S.K.: 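For reference, the structure I am asking about is given below.
Just so you know, these numbers come straight off a predicted model, no measurement behind them. Here is the naming used below: chain letters follow the sequence lines, and residue numbers restart at 1 for every chain.
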Amino acid sequence: MSRYNAAEIEARWQEAWEKAGIFTAERKEGKPKYYVLEMFPYPSGKLHMGHVRNYTMGDVIARYKLATGHNVLHPMGFDAFGMPAENAAMAIGGHPKTWTYNNIDDMVEQMKPLGLSLDWSRMFATCDPEYYGQQQALFLDFLDKGLVYRKNAVVNWDPVDMTVLANEQVEGGRGWRSGALVERKELTQWFFKISDMADELLGALDGLDNWPAKVKLMQANWIGKSRGLQFAFERADGGEPITVYTTRPDTLNGASFVGISPDHPIAKAMEGDAAVDAFLADARKGGTTEEAIETAEKLGFDTGIKVKHPLTGEELPVWIANFILMDYGTGAIFGCPAHDQRDLDFCRKYDLPVIDTFFALDDDTPVGKVAFVPAKSEKVRWVNHFAGLEEATGEEAINATIDFMEAKGLGEGVTKFRLRDWGLSRQRYWGCPIPVVHCEACGVVPEKKENLPVVLPDDVTFDVPGNPLDRHPTWRDVPCPSCGKAAKRETDTMDTFVDSSWYFARFTAPRAETPTNMEDAKYWMNVDQYIGGVEHAILHLLYARFFARAMQICGHLPESAKEPFDALFTQGMVTHAIYKTEGADGRPVYHYPEEVTLKDGKALLEDGREAEIVPSAKMSKSKNNVVNPLHIIEGYGADTARWFVLSDSPPERDVEWTASGAEAAHKHLGRVYRIASEIDAQATGSAADDTALLREMHKAIHDVTMGVESFGFNAAIAKLYGFTNALGKSKAGGAAKRQAAMVLAQLMSPMTPHLSEAVWEKLGGEGLCTLAPWPKADEAMLVDDEVILPIQINGKRRAEISVPKDMDKAEVEKLALAHEAVIKTLDGATPKKVIVVPGRIVNVVA
RNA sequence: GCCCAAGUGGCGGAAUGGUAGACGCAGGGGAUUCAAAAUCCCCCGCUGGUGACAGCGUGCCGGUUCGAGUCCGGCCUUGGGUACCA
C-alpha cells in the first residue's frame, strides 16, 4: 500500500492539466458559458491565507461548473497601481515599477502550486501600458459623452511637506511623516458624473437577485435617496436669500438657527475679517473623512446675519458650522435642536433656544440633553402645527408639510441623493496618467487617441515629497495637441479604483486593440459569479456598476452587461490567534506561531513562560500572526490548505487558521487515499450492505451538490467527512465500494483536485477526474422508509416515535397520544390541541 | 457620529419557525504494539443524581407563536465601510 504523498501527486497532476490545456478559455458555441471571477489581488509580493481562501472558493465554483458541462472562463490578474509601491520606493529606494513587477512574479510563483484552474494566458496587470492605455481611451470617450468634468474639491493638505495626503496617511488629524496638523484644501480635480446615475444605480439593485441583501442595502443607503423640502430664508438685511434643503420640513416650527457650511458662498464672502478667518481656519482643520468631520467637536460662528422664518416672520441667526457639508443639499440647513441630536448639542453649546414641535403620545416632557427622534413610522402628537397636524407619523407629517409649503408657494418638494460625484484625480506618480494637456490658449485639451498610451516616465525619484511628475520637465512639457504651442500635461493620475472598475470586461479580450472586443464581451459577459471581500461592498462595486453603464454608453459593452456581476459572494477574512507577552518596557511583544507550543489551551514559549492568547485577530505582519501559505503547501500540500480554508467556517464569515486544523485536514486526506487504495474490487458483500452504502453515496451527491451551489462549502465538507466514514466502515462488496470511492473523488475534486485525480486513476477511472461529468443523485435513494418523530408536550421534547415516512396525520396523532410518556403527562386530561408536522414533529398542547 | 453585519459547548462551527450542539479540533477512556508512530473503537454543553432521569442552556432585556438560535422591538460587545488603503 502506498502512502499519500501530496508533493508528488500535486506536481504530477498540475503538469497533466497544463499539458491538456483544459483551463484555457475559448469561445465555444453550443455549450453554456460560465465566467467566474475573484477580486484580483494587489501585488504586495506575499500571498496570504486570505488570497488562498478567496481563490479556492472561486476554484471550487469553476471546477464544479467545468464538471457540469460549462465553458468556463476563470482569469487572474493584478491590481498593480497604488501607494504601497511608492512607499516602498521612498522607504527602501528603487522604482515602483521594478518593485511591482518583481512582486507580481513572486505572487504568480506562489499561486501556481495551489493548482487553481486559471487561464493564465489572459493575465495582465493594471500597470501594463497596454491596459492603462485602453483606460485612457475610455477616459477620452467618457469625456466626449460628458461623463467626466472638472470642479473644485477638498483634499487633505500637509502644510509642512506641502503635499496632498491620502486618508490613510492622516493619523489622528496629523500627517504621518511630518506630524503636522492636516488642513482641508481646495484643488481643481476631475470627476466622474456618477451622481447622474444615482437613481438608476439605486433602482437596478432590485434586479440583483443573487447579491447579498446586506450589500444591496449598504449601496442603497450610500446612494441615499431622500425627498425633502427646498426653500429660502429671506435675509433681514435684504441680501441674497439663503436656500436650505431639509428632510424634516415638518419640524420647521422648531427652527432656532440657520447653519451654513464653511465653504458656503456667504462664508467665503466674509473672508478677510480677522475673526471669520480665524474661525474658518479652525473649521478647516482635520482630515476630509466623513468620520473625522462627524466626530469632530462641533464649532459655530455667529455671522450676525439674521433671516426671517418663512411662516412666523420671526428672526433667526445665521451661524457657520463646521459639520455642514457643502457637497450635500445646498450647503445650508435650519437647525431643529429638539429633534436632532447634533443640532441640540450645538444649541446647548451656543445657548440657542430649543423648541419642542411634537411629543410622544403618552409623554410631554420637554427635550433636555437628549433630542426626541422617534422612528418616522411612529405616531406623535404635534404642538400648534402650521399645517394643522394633530396626531400623525413623521412620514405623514413630512408629506403634508411639503404639500402645504408648495400650495403656499413657499418651497418645493425635491429629491436629493447622498451620493457625490467620484473624484478620480490623484496627485501621485504610480497610477494611470490622465490623458489631457493644459494649454494657455486652448484650455484643457484631450490627448489624441493615436498618441495613447500616455506612458509614465521611468526616470523619476522619490527623495522629496510630492508628485515626481510635477517636477519632470521633459515629460510634463509637451506641445498642445490642438494648436501645437507649448503646453503642459496633466500631472495628476487616476484613482486606482478606476483600474479595478473595468478589468472584468478586459479579461474577455485581454489583448484587444480597443478596451474591449464586442464579440468577446457579448459572449463572456456577465460575470456569472463574482467573489471577494465584503470590504468592497460599497465603493468598488458601485464604481464598477457605474463603469459598466458608462462603457455601454460609449459602445464598449453590450446593453445586457450594464449590471456586470450576475451573482456576488462576499467572503470573510482568515484570522489567527495572537500570542502576546509583555516586554521589559511594558510594551507588548508578539510571538510567531512557530515559537509557541499549545497545550491544554495554553500557549507556552520555549523558555516555559506562558503567552496570552488573543483569538481570531486579522492576520497582520506587525502582530506576527501571519501564516505563510507556502509553508503549509510545502509541509502538507496544496490540497490540505484548500481543504482547510473551506472546512471550518462558513465562507462569508472569518475563519481562524489553526495548526491543529491543518494537521487534521491533512490526516483526513491521507485517510481518503488509504481507504481508496485498500478497496479490493473482487470482494463480495451482502445486497443490504451494498444498498446502504449506495444510499449514503446518493445522499452525499445531493448534499455536496447543494452545498457547492449555495456556497455552503463547510457544510459540504462535513457531509464528505460523513460519507468517508460510512465508506471506511462499510461491509459492502468491492464493486459498490469502488463506485462509492470514485464518486467521493469526484465530489472532493473541486476542493482537492490533485488527490481526486490520484484516487480516480488508482480506481481505474477514465480520463481526468476533473473532466468527468458531475454525478447525479437518484431521488429514490434519498429518502428513508421510516422516520423518527419527536413528541413535544407544551413545546418540550418528551418522547419519540418511529413511523413510516408517509403515514397520515390522524394516524400519527393517534400513535403519539397512545405513547406512555404522553399518557403519563396528560394524566387523563384531554389535550387542548395536537399539532402534527408530517416528517418533522408532533406537539401536544395540554 | 452614521450605515451594514456577527455573537451558539473548552475551541471552529451545524440546525427550510419544528429533537440545539451535525462535522471537525482539543480532552478523557480503551484496542493494537516488546515499545512507539500510524490506525481503529467508545465517551464528551452545564448542574444535581450510582442510575433511569430532572432542571437549566444559543450576548442582554422584552414581545409574537402550539413551538424561537431562527421572526419583531430595545440594548451591549466585536468586526467591516465611511468617498485619497486596496
S.K.: Should the heavy atoms of other residues, nucleotides or ligands under 6.0 Å from NZ of A:K379 be counted, would the total exceed 12?
M.R.: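 Not buried by this count: 12 neighbours or fewer within 6.0 Å.
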S.K.: Between B:C23, B:G67, B:C84, which nucleotide gets closest to the side-chain atoms of A:A718?
M.R.: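 Shortest atom-to-atom distance from the side chain points to B:C23.
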S.K.: Can you tell me, in whole Å, how much space there is between the C1' of B:A14 and that of B:A22?
M.R.: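 It works out to 5 Å between them.
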S.K.: Please tell me which of A:D79 and A:L539 maps to the more 5' nucleotide of RNA chain B, matching each residue to the nucleotide holding its nearest heavy atom.
M.R.: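 That would be A:L539.
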S.K.: Can you tell which of B:C84, B:G80, B:C23 lies closest to the side chain of A:R426?
M.R.: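 So the nucleotide nearest the side chain must be B:C84.
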S.K.: Roughly how far apart, to the nearest Å, are B:A5 and B:C42 at atom C1'?
M.R.: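 So the two C1' atoms sit 41 Å from each other.
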S.K.: With respect to A:W502, which candidate in A:Y543, A:F497, A:Y131 satisfies the ring pair (Phe, Tyr, Trp, His ring centres under 6.0 Å) definition?
M.R.: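 Filter result, single survivor: A:Y131.
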S.K.: Please state the P separation for the pair B:A26 and B:G81 - nearest whole angstrom.
M.R.: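 Their P atoms lie roughly 34 Å apart.
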S.K.: Measuring from the side chain of A:N221 (C-beta onward, heavy atoms only), which nucleotide among B:G18, B:C85, B:C4 has the closest atom?
M.R.: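 The closest nucleotide is B:C4.
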S.K.: Would you indicate which nucleotide in B:C84, B:A83, B:C4 comes nearest to any side-chain atom of A:W222?
M.R.: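 From the listed options, B:A83 comes nearest.
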S.K.: What is the distance, to the nearest angstrom, from the CZ atom on A:R798 to the P atom on B:U19?
M.R.: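 It is 16 Å, rounded to the nearest whole Å.
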S.K.: Against the six-membered ring of A:F346, is A:K298 placed for a cation-pi contact (under 6.0 Å from the centre, within 45° of the normal)?
M.R.: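 No; the conditions do not both hold, so A:K298 does not lie above the ring face of A:F346.
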S.K.: Under the 3.5 angstrom rule, does the side chain of A:R797 hit a backbone N or O of A:I791 as a donor-acceptor pair?
M.R.: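 Side chain of A:R797 to backbone of A:I791: no pair is present.
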S.K.: With a 3.5 Å cut-off and heavy atoms only, can you find an N or O donor on one side and an acceptor on the other between the side chain of A:R840 and the base of B:U16?
M.R.: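 Flag set: donor-acceptor pair detected.
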S.K.: What integer number of Å spans the P atoms of B:G45 and B:G24?
M.R.: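 Between the two P atoms, the distance is 15 Å.
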S.K.: Between B:A83 atom C1' and A:R420 atom CZ, what is the distance in whole Å?
M.R.: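 From A:R420 CZ to B:A83 C1': 5 Å.
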S.K.: Give a yes-or-no answer on whether the side chains of A:Q135 and A:D499 include a donor-acceptor pair shorter than 3.5 Å.
M.R.: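 Side-chain D/A pair, A:Q135 to A:D499: present.
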S.K.: May I ask you to evaluate whether A:S649 reaches the phosphate of B:G12, defined as a side-chain N or O under 4.0 Å from OP1 or OP2?
M.R.: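 Checking A:S649 against B:G12: no side-chain N or O falls below 4.0 Å of OP1 or OP2.
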S.K.: What's the closest nucleotide to the A:N714 side chain, out of B:A14, B:G67, B:U82?
M.R.: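 Looking only at heavy atoms from C-beta outward on A:N714, the closest nucleotide is B:A14.
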S.K.: Compare the minimum distances between each of B:G24, B:C66, B:C84 and the side chain of A:R428, then state the nucleotide with the smallest one.
M.R.: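 Given the options B:G24, B:C66, B:C84, the side chain of A:R428 is closest to B:C84.
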S.K.: Represent RNA chain B in dot-bracket notation, 5' to 3'. Only Watson-Crick or G-U wobble pairs with both distances under 3.5 Å count; pseudoknot-style crossings use [ ] and interstrand partners use |.
M.R.: (((((((..(((.....[....))).(((((.......))))).((((....))))..(((((..]....))))))))))))....
S.K.: Measure up the A:F711 and A:F713 rings against each other and bin them: parallel (under 30°), tilted (30 to 60°), perpendicular (over 60°).
M.R.: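 Answer is tilted, since the angle falls between 30° and 60°.
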S.K.: Which nucleotide in the list B:G81, B:U19, B:G18 gets nearest to the side chain of A:I835?
M.R.: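 Comparing B:G81, B:U19, B:G18 against the side chain of A:I835, the answer is B:G18.
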S.K.: If I pick the C1' atom on B:G80 and the same atom on B:C11, what distance separates them, to the nearest angstrom?
M.R.: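 Between the two C1' atoms, the distance is 24 Å.
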S.K.: Under 4.0 angstrom, heavy atoms only, what part of the nucleic acid is A:H536 near: base, sugar-phosphate, or nothing?
M.R.: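 If one applies the 4.0 Å heavy-atom cut-off, A:H536 turns out to touch a base.
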S.K.: B:G1 base to A:Q341 side chain: any donor-acceptor pair below 3.5 Å?
M.R.: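 No.
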S.K.: Using a distance-only criterion (donor-acceptor N/O pair, under 3.5 Å, no hydrogens), is the base of B:C84 paired with the side chain of A:Q427?
M.R.: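 By the distance-only test, yes, there is a pair.
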S.K.: Which residues pass the ring pair (Phe, Tyr, Trp, His ring centres under 6.0 Å) test with A:Y503, sequence neighbours left out?
M.R.: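 Only A:F40, A:F507 meet the ring pair (Phe, Tyr, Trp, His ring centres under 6.0 Å) criterion with A:Y503.
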S.K.: Measure the distance from CD on A:E535 to P on B:A5 and round it to the nearest whole Å.
M.R.: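 Going from CD in A:E535 over to P in B:A5 covers 17 Å.
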S.K.: Atom CG of A:D340 to atom P of B:C2: distance rounded to whole Å?
M.R.: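 The answer, rounded to whole Å, is 11 Å.
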S.K.: Is the A:H668 ring parallel, tilted or perpendicular to the A:W643 ring (thresholds 30°, 60°)?
M.R.: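 Parallel: the ring planes of A:H668 and A:W643 meet at under 30°.
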S.K.: Please report the distance separating the P of B:G79 from the corresponding atom of B:G13, rounded so that it comes out in whole Å.
M.R.: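 Roughly 15 Å separates the two P atoms.
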S.K.: Classify the nucleic acid contact of A:G82 as base, sugar-phosphate or nothing, counting any heavy atom under 4.0 Å across all strands shown.
M.R.: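 Counting heavy atoms under 4.0 Å across all strands, the contact made by A:G82 is with sugar-phosphate only.
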S.K.: Does this structure show an ion pair linking A:E652 with A:K214, if we count only N-O contacts that are shorter than 4.0 Å?
M.R.: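 Between A:K214 and A:E652 there is no salt bridge, as every charged N stays at least 4.0 Å from the carboxylate O atoms.
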S.K.: Are A:E696 and A:K729 within salt-bridge range, i.e. N to O under 4.0 Å?
M.R.: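 Judged by the 4.0 Å cut-off on N to carboxylate O distance, A:E696 and A:K729 do not form a salt bridge.
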S.K.: Please determine whether a side-chain nitrogen or oxygen atom of A:T289 lies at a distance below 4.0 Å from atom OP1 or OP2 of B:U82.
M.R.: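 Result: no.
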S.K.: Between A:K699 and B:A22, is there a contact of a side-chain N or O with OP1 or OP2 at under 4.0 Å?
M.R.: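 For A:K699, the contact criterion (side-chain N or O under 4.0 Å from OP1 or OP2 of B:A22) is not met.
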S.K.: Taking the side chain of A:R653 as its heavy atoms from C-beta onward, which of B:A86, B:C85, B:A6 lies nearest to it?
M.R.: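 Out of B:A86, B:C85, B:A6, the nucleotide with an atom closest to A:R653's side chain is B:A6.
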S.K.: Between B:G80, B:G18, B:C84, which nucleotide has the shortest distance from any of its atoms to the side chain of A:V837?
M.R.: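 It is B:G18.
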S.K.: Using a distance-only criterion (donor-acceptor N/O pair, under 3.5 Å, no hydrogens), is the base of B:C66 paired with the side chain of A:N843?
M.R.: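 Check passes, donor-acceptor contact within cut-off.
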S.K.: For A:P650 and A:E294, find the nucleotide of RNA chain B closest to each by heavy atoms; which residue's nucleotide sits nearer the 5' end?
M.R.: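 The residue closer to the strand's 5' end, by nearest nucleotide, is A:E294.
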S.K.: Distance check needed: B:A22 P versus A:N725 CG, whole Å only.
M.R.: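 Interatomic distance, CG of A:N725 to P of B:A22: 14 Å.
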S.K.: What integer distance in Å separates A:Q571:CD from B:A5:P?
M.R.: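 Going from A:Q571 (CD) to B:A5 (P), I get 19 Å.
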S.K.: Describe the nucleic acid contact of A:K796 in one word from base, sugar-phosphate, nothing, applying a heavy-atom distance below 4.0 Å.
M.R.: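 Sugar-phosphate contact only - A:K796 comes under 4.0 Å of backbone atoms but never of a base.
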S.K.: Going by atom types alone, do A:E490 and A:W190 pair a side-chain donor with an acceptor below 3.5 Å?
M.R.: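 Yes, a side-chain donor-acceptor pair sits under 3.5 Å.
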S.K.: From C-beta outward on A:R418, which listed nucleotide comes closest to its side chain: B:A86, B:A83, B:G18?
M.R.: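 Given the options B:A86, B:A83, B:G18, the side chain of A:R418 is closest to B:A83.
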S.K.: With C1' as the reference atom in both, quote the distance from B:G18 to B:C25 in angstrom, rounded to an integer.
M.R.: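 Roughly 30 Å separates the two C1' atoms.
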S.K.: Show each protein N/O and nucleotides 37-40 of chain B N/O combination with a separation under 3.5 Å, one pair to a line.
M.R.:
unit_1: B:U39; atom_1: O3'; unit_2: A:R674; atom_2: NH2; d: 3.4
unit_1: B:C40; atom_1: OP1; unit_2: A:R671; atom_2: NE; d: 2.7

S.K.: Would you say B:C66 has OP1 or OP2 under 4.0 Å from some side-chain N or O of A:N794?
M.R.: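 False: A:N794 side-chain N/O out of range (4.0 Å or more) of B:C66 OP1/OP2.
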S.K.: If the P atom of B:C4 is compared with that of B:G9, how far apart are they to the nearest Å?
M.R.: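 After rounding to an integer number of Å, I get 27 Å for this pair.
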S.K.: Nearest whole angstrom, please: distance from the C1' of B:C3 to the NZ of A:K216.
M.R.: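 Distance, rounded to whole Å: 17 Å.
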S.K.: Evaluate the side-chain proximity of A:F644 to A:I632: yes if any heavy-atom separation is below 4.5 Å, no if none is.
M.R.: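 The answer is no; the side chains never approach within 4.5 Å.
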S.K.: Under 4.0 Å between a Lys/Arg side-chain N and an Asp/Glu carboxylate O for A:D421 and A:K193?
M.R.: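 No.
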S.K.: Quick one: A:L568 CG to B:A5 P, roughly how many Å, whole number?
M.R.: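 Checked: the CG to P distance equals 15 Å.
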S.K.: Please confirm whether any donor atom in the side chain of A:Q189 sits under 3.5 Å from an acceptor in the base of B:C84, or the reverse.
M.R.: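 Yes, the side chain and the base share a sub-3.5 Å donor-acceptor pair.
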S.K.: Would you call B:G73 syn or anti, using the 90° rule around 0?
M.R.: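 Glycosidic conformation of B:G73: anti.
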